[in-house]
Amino acid sequence: MNICTTVEEMRQLLKPARLANKSIGFVPTMGALHAGHASLITAASKANDITVVSIFVNPTQFAPNEDLDNYPRTFEQDVKLAANCGADIIFKPDVACLYPAGDPTWVEVTGDITKVLCGKSRPIHFRGVTTVVSKLFNIVGPTNAYFGQKDAQQVQIIKKMVRDLMFDIKINAMPIVREEDGLALSSRNAYLSPAERKAALVLSKSLTSALTAFNNGVVNTQQLLNQVIDSIQSEPLAKIDYVEIYQLPDLTACQAELARSNLLAVGVYIGKTRLIDNIILEETNVVDNA
Ligand code: AMP
């Protein structure tokens, strides 16, 4: 497996694959890799001739009061995990490589899709994500890119960016990988104390019980939201950032009664750690052409 740190090296290394018309699978990450990332890398390596994984803690998607400096960095372990999952190239640029000096150029998806959910509590976050993902797409030139449904809003925003900017890249959204007890895997789970780790289960539990209610015929949007809010508020270590439902794919407002395909998403502080999780509430008897 190759480890590259510059744009030039990446271009040279990928040139033969491009000339031979080989498919390139790409998995962008911030490192501290876990089984969630592993599922993306494995999917990429199964479906493509070459698999590239980027590891870059992107400063422009963190606000000054957020955890950029403390974000877990475990590069040696990451290399082993990526290699075991079939990665061929790791791209590990430094900040100066992706953000040359001078005023930055931004790629920004506008509209409600970037303003609700995480976009509301982290106003600059998605502009940072779409900017760095565009740069990485231009460097790697993937055929397929892989993103986790764990960051469901990010997936929809990236799909819109790819459509609107005519990137010739297929975006593959992969299911959320969870611990056995239901907690969605996240690099930020490393911040949790044992008591907080237990409390963090309230996210997946509240979402699963909302799904059960929905499957049993509860379609009233507010009733479902209230059920999730009550459940999270019953956990003393949890503080709600948001509990919301939006229609997929563009995260538009829902009617009083849910129809078609909807994203129920939560952002919750467990102690000082902000965790997110989500579930899709989907009418199974309606053909969704969206
Ligand atoms: P990150 O390193 O947190 O930026 O995540 C890199 C990619 O891994 C993103 O597309 C995430 O959505 C995805 N990812 C993170 N956690 C999980 C998970 N538990 N299951 C599936 N994908 C995940």
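Counting starts at 1 for both ligands and their atoms, in listed order.
- Of the listed residues (Gly31, Ser39, Gly148), the one carrying the non-hydrogen atom nearest atom 22 (N) of ligand 1 is Gly148.
- Contacts between Ser186 and ligand 1, counted as non-hydrogen atom pairs separated by less than 4.0 Å, are absent for every part of the residue.
- Among Arg197, Lys198, Lys205, the one residue that satisfies the salt bridge (charged side-chain N to carboxylate O under 4.0 Å, His left out) test with Asp181 is Arg197.
- Polar contact with ligand 1: present for Met30 (N/O pair, distance under 3.5 Å).
- A salt bridge links Arg122 and Glu66; the closest N-O separation between the charged side-chain nitrogens and carboxylate oxygens is under 4.0 Å.
- Side-chain contact annotation: Asn58 with Tyr71, donor-acceptor N/O pair under 3.5 Å absent.
- Heavy atoms of Leu33 found under 4.0 angstrom from ligand 1: none, in either backbone or side chain.
- Side-chain N/O atoms of Gln227 and Ser231 include no donor and acceptor closer than 3.5 Å.
- Across His37, Gln149, Glu179, Gln61, heavy-atom proximity to atom 2 (O) of ligand 1 is greatest for His37.
- Under a 4.0 angstrom heavy-atom cut-off, His34 registers as being in contact with ligand 1.
- The main-chain N or O of Ile245 is never found under 3.5 Å from a side-chain atom of Asn262 such that the two would form a donor-acceptor pair.
- Taking every heavy atom of Pro175 and a limit of under 4.0 angstrom, the matching atoms of ligand 1 come to 20 (N), 21 (C).
- Under a 4.0 angstrom heavy-atom cut-off, Ala32 registers as lying outside contact with ligand 1.
- Atom 23 (C) of ligand 1 has its closest protein heavy atom at Lys150 CB, 4.0 Å.
- The N/O atoms of Pro28, backbone and side chain alike, include none that comes under 3.5 Å of an N/O atom in ligand 1.
- Atoms of ligand 1 lying under 4.0 Å from any heavy atom of Leu185, numbered from 1 in the order shown and given with element: 16 (N), 17 (C), 18 (C), 19 (N).
- Within the 3.5 Å criterion, the main-chain N or O of Ala145 finds a donor-acceptor partner in the side chain of Asn172.
- Taking any N or O of Val177, backbone or side chain, at least one lies under 3.5 Å from an N or O belonging to ligand 1.
- Remark: the Asp241 side chain and the Ser121 side chain contain an N/O donor-acceptor pair separated by less than 3.5 Å.
- Under 3.5 Å, the side chains of Asp67 and Tyr191 contain a donor-acceptor pair of N or O atoms.
- The atoms of ligand 1 that sit less than 4.0 Å from any heavy atom of Leu40 are 7 (C), 8 (O), 10 (O), 13 (C), 22 (N).
- Close contacts between ligand 1 and Asp151 involve ligand atoms 11 (C), 12 (O) [criterion: under 4.0 Å to a heavy atom].
- When the heavy-atom distances from atom 3 (O) of ligand 1 to Tyr71, Phe147, Phe56 are ranked, the shortest goes to Tyr71.
- Evaluated for a side-chain contact (heavy atoms from CB on, under 4.5 Å) with Val228, the options Val268, Val202, Leu203, Val243 yield exactly one hit, Val243.
- Put simply, the residue from Thr6, Val7, Leu14 that forms a side-chain contact (heavy atoms from CB on, under 4.5 Å) with Met10 is Leu14.
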